[in-house]
Amino acid sequence: MNKRHTPSWKVLFLLATLALTFVSVSLLSSAGSAQALSGIGQAGVTPTPTGEVPPTEVAAQPTPTMASPHQTGDCYACHSQPGMTGTTQDGATYSLYISEDHYKDTTHSSCVFCHSNQKTYPHATSPAQSCGVCHWETSGAPDPKGLFEFTLPYEDVRAIQLEINGECKNCHEEVFNQLKDSIHTRTMTKENRFAPVCVDCHTAHIINLVDRQLGAQLCSKCHLAEFISYETSVHGVALKEDNNQDVPICADCHGSHNVIGPRDSNFRLDAFEMCGKCHADRDIMEKYNISTDVLSTYLDDFHGRSADLFGQPGAAKVTKAACYDCHGVHNILPPSDPDSKVSSANLQQTCEACHTDAGSSFPQAWLSHKRPSLQEQPILFIFNILTIAAVVIFSAFFVLYIVLDVRRRIAGRISSKTGQGKS
Amino acid sequence: MSTPAKKTHSARHTKPTISISWRDAVDAVTRMRTDHKGARYINRFSTAVAIEHFVFMLAIMVLGLTGFAQTFYSSQLGSGILVLLGGIDSVRQVHHAFAFILGFSTVYHVVNYLNEVVVYRRFGGMWFDKNDWSLLFRLGASPKPVRFGRYTFAEKVSYWVIGACILILGVTGLVQGFPIWAAKIMPGAVIPAARLFHRWEAVLCVVAVLVWHLYDVVFRKFNLSIFTGNMSLKNMEEDHPLELQFLEQAASVIDSKAWPVVIELPQEEPVAASPVETPKTVEPVEGPKDAATESPVETPAKEEK
């Protein structure tokens with residue numbers, strides 16, 4: 001009996017203990033998340049579930065101002081503190097605070113998609129300080145606020161940016177591959193850490209580049225001189241003043257991800273396609289009364305023919321004028337503008353950039369992208385017609401003569417054969 | 001470069017005479033040869049002329065192909081040539097190199113001709129004469145053949161058309177090759193004009209070679225004399241009866257003591273007008289010559305060749 005009785009008591013006791021533990025744990029955890037919810041609710045933000053945070057330890061300590069991040073994985077619980085800063089090893093201080101707008105409008109749904117290093121809490125980069133934020137009594141600090149200043153184990157802010165930037169590849173691999181050929185990436189590999197990476201253009205949290213005006217200004221962060229030059233060009237003025245959506249912004253010519261350098265031979269070779277994309281498009285050019293013959297006449301001429309041919313196999317030297325050599329690079333102005341590089345007053349100077357000793361009559365050789373016609377170049381037009389006529393007349397004479405000769409010879413052969421047969 | 005000597009027309013109805021110099025006679029004797037089988041043939045072109053023609057032919061072929069590749073670069077043949085020669089740079093270099101070869105050959109040709117005229121007083125057989133134009137009028141209208149001397153009508157047309165093309169292509173090519181210099185001495189508009197002219201003249205030149213010249217020397221009668229220098233007596237009788245006649249006459253007076261020998265040429269005028277009536281000429285080859293061009297009386301075997 002005894003033997004039967006004792007084990008049943010023990011089993012009951014164990015079951016009761018387990019049940020109590022389970023109930024208390026579930027109660028405590030529900031209380032914790034309710035507290036976290038109410039904290040977020042005060043800020044008016046719906047919390048977004050983020051990366052898994054393994055609950056290493058049941059929260060026993062009351063937190064001073066926020067819910068425990070151990071369970072919710074809620075980054076915003078801590079990073080909503082306006083004074084939160086990190087100091088990198090070079091002494092620069094970097095805000096770790098995310099404003100509410102930023103947090104709400106962020107393009108990606110989860111922080112840890114990109115901040116994968118900070119997936120766990122306490123953060124791997126600063127474990128001791130992470131704990132101190134909540135467990136401030138143990139750290140001995142009088143005020144938890146003072147503990148929102150972190151020392152980050154990074155050389156400088158750029159090191160953090162570059163580390164996080166590597167995470168973009170996880171989802172945007174296609175774009176990352178385009179970037180491999182970019183002049184920016186190549187500059188980066190030449191030890192220039194400040195060559196732009198994803199976050200420099202797309203920014204860290206609000207990634208919205210639909211607006212073309214904004215897109216144009218983006219590059220001015222580094223390429224200011226070029227941007228100022230562009231702003232005064234026919235394209236830049238139209239964008240700025242009329243918000244014209246037809247005019248090219250930086251990325252239309254230089255590319256957005258696979259940015260190639262203007263000194264790259266491919267850039268020069270493809271220049272006519274780049275400009276021709278719009279300038280040979282009748283629908284776009286009709287609006288501005290610009291001729292679409294510019295591309296075909298360019299390709300028909302020596303410079304354009306060379307540019308087109310240099311793109312073919314076996315060609316290496318690229319020395320012939322591309323569109324921008326005459327029209328200007330960023331400061332493109334209409335030819336009617338007296339300041340334009342291709343205005344009649346400046347044309348000789350423009351030619352002399354390459355043809356160093358071109359005289360005053362040399363620019364006459366250029367037909368201003370016009371096909372010879374009775375209105376534009378009557379002499380050349382008539383000359384061309386006469387030349388073609390000469391070719392046609394001579395060819396017709398050749399063919400006529402040969403046809404008659406063959407006819408006669410066949411007739412002669414037939415008659416001589418019949419003559420032979422008779423004899 | 002032997003030429004029919006000057007014909008002296010003292011009066012319209014007097015019989016034409018022909019003056020044969022000692023040089024003509026020696027020339028005729030050396031050019032009338034017999035091969036090892038005993039067949040007679042005429043040495044029609046010297047080695048220098050054969051080489052000159054070969055250089056012209058090669059240069060025009062290369063220039064035509066490389067020019068085609070540059071103009072019609074998107075065509076199959078054009079891009080094929082571009083790839084074969086190693087891209088547009090090489091094609092341009094080859095084009096320019098052969099243009100200079102052709103240019104120097106042309107200069108040599110002109111200097112050589114001036115030398116003939118000034119030193120030897122021989123004007124060559126390439127100038128058109130009445131005989132050529134009478135052919136034009138009779139073309140297709142009459143079966144009567146026209147007898148030619150050193151060069152036939154077709155050869156003269158080839159020479160002048162291709163020659164004119166080479167001169168124009170040379171000038172327009174130089175304008176394009178040295179545009180700065182051209183613009184210094186001429187208005188700048190000559191450069192685009194030269195470009196247009198160069199293109200169409202090249203087309204004309206290629207048509208003249210491929211259609212006219214090749215018909216004449218390949219399809220009408222396969223004629224290798226410009227390469228071998230030699231022409232069979234039969235072909236001479238068919239195509240160049242007057243030259244053959246002159247050679248026979250000149251050779252016949254080689255033993256003369258006094259130069260020049262002036263002999264009467266009784267059958268020259270009638271021949272041009274009506275070759276059917278066999279004249280009492282020194283050469284026994286009058287009949288077959290008709291066959292070459294169009295006479296219905298000749299044997300067909302001759303024409304097949």
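Below, read A as the first sequence line, B as the second, and so on, with proteins coming before strands; counting in each chain starts at 1.
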Open item on the list: Would you say that B:F219 contacts A:V406 through its side chain, given a criterion of any heavy-atom pair below 4.5 Å between the two side chains?
Closed with: no

TODO: For B:A208 and A:F398, work out which heavy atoms get closest and say how close.
DONE: CA-CE1, 3.5 Å

- [ ] Kindly check if the number of other-residue, nucleotide or ligand heavy atoms within 6.0 Å of CD (A:Q349) is above 12?
- [x] no

Open item on the list: Using heavy-atom distances under 4.5 Å, tell me whether A:L367 contacts chain B through its side chain, its backbone, both, or neither.
Closed with: side chain

- [ ] May I ask you to list the residues in residues 156-174 of chain B that approach chain A closer than 4.5 angstrom, counting heavy atoms only, ordered by number?
- [x] B:V157, B:V161

- [ ] For residues B:T71 and A:R305, report the shortest heavy-atom separation together with the two atoms involved.
- [x] O-NH1, 3.3 Å

TODO: Assess whether atom CE of B:M61 is packed by more than 12 heavy atoms of other residues, nucleotides or ligands within 6.0 Å.
DONE: no

Open item on the list: Please classify the contact between A:F383 and chain B as side chain, backbone, both or neither, with a heavy-atom cut-off of under 4.5 Å.
Closed with: side chain

Open item on the list: Taking NZ in A:K190 as the centre, count heavy atoms belonging to other residues, nucleotides or ligands within less than 6.0 Å. Is the count above 12?
Closed with: no

- [ ] Identify the residue among B:L204, B:V211, B:V207, B:V203 that makes a side chain to side chain contact (heavy atoms under 4.5 Å, CB included) with A:F394.
- [x] B:L204

- [ ] Pick whichever of B:R92, B:Q70, B:M186, B:E201 has the most heavy-atom pairs under 4.5 Å with chain A.
- [x] B:R92

Open item on the list: Looking at every heavy atom in both B:R220 and A:D405, which two are closest together, and how far apart are they?
Closed with: CD-OD2, 3.9 Å

TODO: Indicate the atoms forming the closest heavy-atom contact of A:L380 with B:A189, along with that distance.
DONE: CD1-O, 4.4 Å

- [ ] Enter the distance from A:T387:OG1 to B:H198:NE2 here, rounded to the nearest 0.5 Å.
- [x] 13.0 Å

Open item on the list: Let's test your reading of the structure: which of A:D300, A:I379, A:L386, A:V399 forms the most heavy-atom pairs below 4.5 Å with chain B?
Closed with: A:D300

Open item on the list: Check whether B:R195 reaches the backbone of A:F302 with its side chain - one donor and one acceptor, N or O, closer than 3.5 Å.
Closed with: no

TODO: Please answer whether the main-chain N or O of B:P187 pairs with a side-chain N or O of A:S361 as donor and acceptor at a distance below 3.5 Å.
DONE: no

Open item on the list: Let's go through B:I191 and A:W366 carefully: what are the C-alpha distance in whole Å and the side-chain angles of both, what is the deciding distance for side-chain contact (heavy atoms from CB on, under 4.5 Å) to 0.1 Å, and is it a yes or a no?
Closed with: CA-CA 8 Å; B:I191 297 166; A:W366 176 239; over 6 Å; no

- [ ] Please look at A:V403 and chain B and tell me whether the side chain, the backbone, both or neither of the residue comes under 4.5 angstrom of a heavy atom of that chain.
- [x] neither

TODO: Answer yes or no: are there more than 12 heavy-atom neighbours, outside B:F100 itself, under 6.0 Å from its atom CZ?
DONE: no

Open item on the list: Centroid separation under 6.0 Å, is that true for the rings of B:W212 and A:Y401?
Closed with: yes

